[in-house]
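All chains are named by letter (A, B, ...) in the order of the sequence lines, taking the proteins before the strands, and each is independently numbered beginning at 1. Side chains included, hydrogens not; waters and symmetry mates left out as well; all remaining heavy atoms used.
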Protein chains: 2
Amino acid sequence: MTPDTDNAQLRKAQDRFIDAWGRMGSVWGISRTMAEVHALLFVTGDALCMDELMDRLNISRGNASMSLRALLEWGVITKAHKDGQRRDYYVAEQDVWAMFRAILRERVKREVEPLIESLGEVRELYPSQGKDAPESARDLDQRLSEMQEVFELVATLGERFAGPSGQGLKVAAKLLAKAPARRKAKA
Amino acid sequence: MTPDTDNAQLRKAQDRFIDAWGRMGSVWGISRTMAEVHALLFVTGDALCMDELMDRLNISRGNASMSLRALLEWGVITKAHKDGQRRDYYVAEQDVWAMFRAILRERVKREVEPLIESLGEVRELYPSQGKDAPESARDLDQRLSEMQEVFELVATLGERFAGPSGQGLKVAAKLLAKAPARRKAKA
DNA sequence: TTGTGATTTCATATTTTTCTGAAAGTTTCC
DNA sequence: GGAAACTTTCAGAAAAATATGAAATCACAA
């Protein structure tokens with residue numbers, strides 16, 4: 001097996017990973033390209049510059065720029081610099097748990113917090129207390145307050161375990177994964 | 001305050017909830033209409049038929065049909081029947097925790113499982129064991145296997161706590177919400 | 001079986017999201 | 001200052017996702 005064959009294999013594996021992660025990106029509500037840029041940086045582990053990304057992924061400069069900015073906001077990549085070069089390089093967070101926490105944090109922010117806020121606002125729109133509150137209003141409020149409670153709990157959990165403070169998620173996950181098990185303890 | 005005023009208020013609150021839940025729908029990677037149909041069924045708590053949904057949400061028959069089918073697949077609504085009527089009615093699961101479990105289960109199925117499968121396939125594409133395995137291949141495999149591990153753990157957790165079997169999630173969530181707390185114990 | 005009301009399907013239209021590329025903006029170095 | 005090297009912005013183009021509505025299908029009752 002020659003080095004060339006090796007490289008071709010690795011390159012193909014990288015491409016397949018980029019494709020898979022990109023596809024998930026669209027399921028997760030982020031753009032496919034953004035996920036692909038992240039995948040490329042993650043899977044190679046290298047610091048790459050914009051032109052290298054554009055080349056490898058066949059995307060435009062504008063798209064690369066916007067994707068990189070979004071990934072920086074998510075906190076899953078950072079800027080790096082090579083010696084005396086002017087150009088910006090980018091590297092992906094290599095610790096998978098840290099990456100996962102960053103993703104979770106951002107998703108809670110985008111997918112849960114706005115909903116909690118809306119629920120609060122909606123519940124202001126009708127009187128549900130006091131003797132004049134009709135049955136139907138109390139019904140509605142019951143439903144909405146239960147939902148608010150659930151999502152607030154989720155947000156709290158997210159904050160606690162994905163917050164910037166530490167390893168919480170990993171520990172919690174392992175704990176939970178084992179605790180209620182009855183069988184198959186060896187996995 | 002007249003009953004008419006009451007109704008107008010409730011109706012407005014419902015509409016705002018439908019709007020909020022629908023907006024979240026698009027963030028979650030499901031169509032906005034599908035989320036709105038679910039929101040309407042949930043927030044009213046009533047059994048509604050297709051024409052009622054079309055009326056209230058201003059959507060076409062085809063759209064209503066497809067959204068209902070998808071919601072049935074997610075397991076967050078069920079068919080109901082009124083006495084001798086031919087027409088189908090639909091009701092939303094009213095237990096918020098059960099609903100949340102159903103959503104979580106489906107999201108793991110769509111967002112995590114395909115990725116795990118792809119990771120397995122990608123890791124078959126190059127040799128990473130034995131003396132002929134180049135450094136770069138072992139590097140790559142290290143990254144991919146860590147990622148696989150994380151997502152497998154997530155899938156396991158999801159299955160355990162959102163599986164059809166029970167209340168797992170609620171209990172786990174409360175446990176986690178309290179356990180690592182240091183301050184502010186009264187919330 | 002046939003008729004009727006209800007639902008599903010699917011080709012096409014609409015809307016929304018994403019991408020491109022060239023111009024404008026920055027930063028760095030001479 | 002100003003020129004070169006990069007990056008960002010954004011209007012318009014392209015692509016993808018959603019919605020429509022009429023025809024096809026289904027299911028039940030007579």
Side-chain angles (χ1 to χ4, degrees), chain A residues 18-19 21-41 47-74 77-91 107 110-111, chain B residues 18-19 21-41 47-74 77-91 106-107 110-111 114:
Chain A
I18 290 167
D19 188 67
W21 194 248
R23 208 191 310 293
M24 281 306 104
S26 32
V27 175
W28 293 6
I30 66 171
S31 96
R32 178 163 188 147
T33 302
M34 178 178 155
E36 286 182 350
V37 171
H38 179 237
L40 175 55
L41 290 169
L48 302 176
C49 67
M50 203 147 80
D51 293 75
E52 289 168 327
L53 298 171
M54 289 165 59
D55 258 30
R56 177 86 182 254
L57 301 176
N58 261 286
I59 58 174
S60 70
R61 190 170 295 284
N63 197 0
S65 175
M66 299 211 281
S67 295
L68 286 168
R69 173 144 51 110
L71 289 167
L72 288 167
E73 263 167 35
W74 277 62
I77 69 173
T78 48
K79 282 196 187 185
H81 285 285
K82 285 192 173 172
D83 51 8
Q85 283 208 257
R86 189 135 137 201
R87 156 181 306 201
D88 291 342
Y89 282 78
Y90 300 88
V91 272
R107 293 188 74 175
R110 293 159 40 114
E111 301 184 2
Chain B
I18 291 166
D19 187 68
W21 194 248
R23 208 191 312 289
M24 282 304 104
S26 31
V27 176
W28 293 6
I30 67 173
S31 95
R32 178 163 188 148
T33 303
M34 178 177 154
E36 286 181 351
V37 170
H38 179 238
L40 174 55
L41 290 169
L48 303 176
C49 67
M50 203 147 81
D51 294 75
E52 290 168 327
L53 298 172
M54 289 164 59
D55 259 29
R56 177 88 182 252
L57 301 176
N58 262 286
I59 57 175
S60 70
R61 189 170 296 284
N63 197 359
S65 175
M66 299 211 282
S67 295
L68 287 168
R69 173 147 48 114
L71 289 167
L72 289 167
E73 263 167 35
W74 277 63
I77 69 173
T78 49
K79 281 195 189 188
H81 285 285
K82 285 194 173 173
D83 53 6
Q85 285 208 255
R86 190 135 135 200
R87 148 183 311 202
D88 292 341
Y89 283 78
Y90 301 87
V91 273
E106 190 71 20
R107 292 188 75 175
R110 294 159 37 115
E111 302 185 1

K.L.:
Which nucleotide in the list C:dC10, C:dT27, D:dT7 gets nearest to the side chain of B:Met66?
P.N.:
C:dC10
K.L.:
Give me the ring orientation class for B:Trp21 and B:Trp28: parallel if the planes are under 30° apart, tilted from 30 to 60°, perpendicular past 60°.
P.N.:
perpendicular
K.L.:
Let me spell it out: for each of A:Arg86 and A:Ser60, pick the nucleotide of DNA chain C with the closest heavy atom. Which residue's pick is nearer the 5' end?
P.N.:
A:Ser60
K.L.:
For B:Ile59 and D:dA19, what is the distance between atoms CD1 and C1' respectively, to the nearest whole Å?
P.N.:
9 Å
K.L.:
Using atom OH of B:Tyr89 as one end and atom P of C:dA6 as the other, report the distance to the nearest whole Å.
P.N.:
9 Å
K.L.:
Between A:Arg32 and A:Glu36, is there a salt bridge with N-O shorter than 4.0 Å?
P.N.:
yes
K.L.:
Once you round to the nearest 0.5 Å, how far does OG of A:Ser67 lie from CD1 of A:Ile59?
P.N.:
5.5 Å
K.L.:
Check every strand shown and say whether B:Arg87 touches a base, only sugar-phosphate, or nothing at a heavy-atom separation below 4.0 Å.
P.N.:
sugar-phosphate
K.L.:
Is any side-chain nitrogen or oxygen of A:Ser31 closer than 4.0 Å to OP1 or OP2 of C:dC19?
P.N.:
yes
K.L.:
Rounded off to whole Å, could you give me the CE-to-C1' distance for the B:Met54 and C:dA6 pair?
P.N.:
11 Å
K.L.:
Please report, rounded to the nearest Å, how far the P atom of C:dA6 is from the CD atom of B:Glu52.
P.N.:
12 Å
K.L.:
Reckon B:Ser65 touches a base, only the sugar-phosphate, or nothing at all at heavy-atom distances under 4.0 Å?
P.N.:
base
K.L.:
Would you name the heavy atoms of B:Thr78 and B:Leu72 that are closest together and state the gap between them?
P.N.:
CA-CD2, 3.8 Å
K.L.:
Within the structure shown, what part of the strands sits under 4.0 Å from A:Thr33 by heavy-atom distance: base, sugar-phosphate, or nothing?
P.N.:
sugar-phosphate
K.L.:
Using whole Å, report how far NE2 of B:His81 lies from P of D:dA27.
P.N.:
12 Å
K.L.:
Rounded to whole angstroms, how far apart are CG on B:Asp88 and C1' on C:dG5?
P.N.:
12 Å
K.L.:
If I take atom CG in residue A:Leu53 and atom P in nucleotide D:dC6, what distance separates them, rounded to the nearest angstrom?
P.N.:
15 Å
K.L.:
Could you say whether A:Ser67 or B:Tyr90 is positioned toward the 5' end of DNA chain C, judged by the nucleotide with the nearest heavy atom to each?
P.N.:
B:Tyr90
K.L.:
Please determine whether a side-chain nitrogen of the Lys or Arg among A:Glu111 and B:Arg107 lies less than 4.0 Å from a carboxylate oxygen of the Asp or Glu.
P.N.:
yes
K.L.:
So, OP1 or OP2 of D:dT9: does either fall under 4.0 Å of a side-chain N or O from A:Arg61?
P.N.:
no
K.L.:
Have a look at B:Leu68 and say if it touches a base, only the backbone sugar-phosphate, or nothing, with a 4.0 Å heavy-atom cut-off.
P.N.:
nothing
K.L.:
How many Å lie between CZ on B:Arg69 and C1' on D:dA19, as a whole number?
P.N.:
15 Å
